[in-house]
Amino acid sequence: MKLADALILSLALALIIIGIHQTLTAGIGFSYSIFMFAVALLFWFQYRRVKNPEPPSNEEKSTQKKRKKR
C-alpha cells in the first residue's frame, strides 16, 4: 500500500469516527455530510487499488516458483 492510499484510508476512518461522535451528540442531520465525505474517500481508495494493483510480494513469488517446479 502506498503512502497516499494509507492516508486516504486513515482519513476516511477518522471521519467515520468523527461522524459517529457527531451523530451521538448532535444528530444524524448534522453528521450526514461527514459520513458522505468519508464514503467518497472510501470509494476513491477502492478506485486507486483497482487501478494500480500491487505486485506480488517476495513470499508470493517464491511460492509460485515452487509450484511451477512441481
In residues 16-29, what donor-acceptor pairs under 3.5 Å come from side-chain atoms, sequence neighbours left out?
| from | atom 1 | to | atom 2 | distance (Å) |
| --- | --- | --- | --- | --- |
| T23 | OG1 | G19 | O | 2.7 |
| T23 | OG1 | S31 | OG | 2.7 |
| T25 | OG1 | H21 | O | 3.0 |
| T25 | OG1 | Q22 | O | 3.4 |

Legend entry - Heavy-atom pair of closest approach, residues M1 and E54: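 Scanning both residues, the minimum pair turns out to be N-OE2, 2.8 Å.
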Legend entry - Non-hydrogen atoms of I8 and L41 that approach each other most closely: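 Closest heavy-atom pair between I8 and L41: CG2-O, 3.4 Å.
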Inset, instruction - Calculate, to the nearest 0.5 Å, the distance between atoms CD and CG belonging to Q46 and L9 respectively. - result: 10.5 Å
Legend entry - Path from W44 to L13 over hydrophobic side-chain contacts below 4.5 Å: yes
Inset, instruction - For R48, check salt bridge (charged side-chain N to carboxylate O under 4.0 Å, His left out) against everything at least two apart and list the hits. - result: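 Here the qualifying residues are D5.
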Inset, instruction - Assess whether atom CZ of F35 is packed by more than 12 heavy atoms of other residues, nucleotides or ligands within 6.0 Å. - result: yes
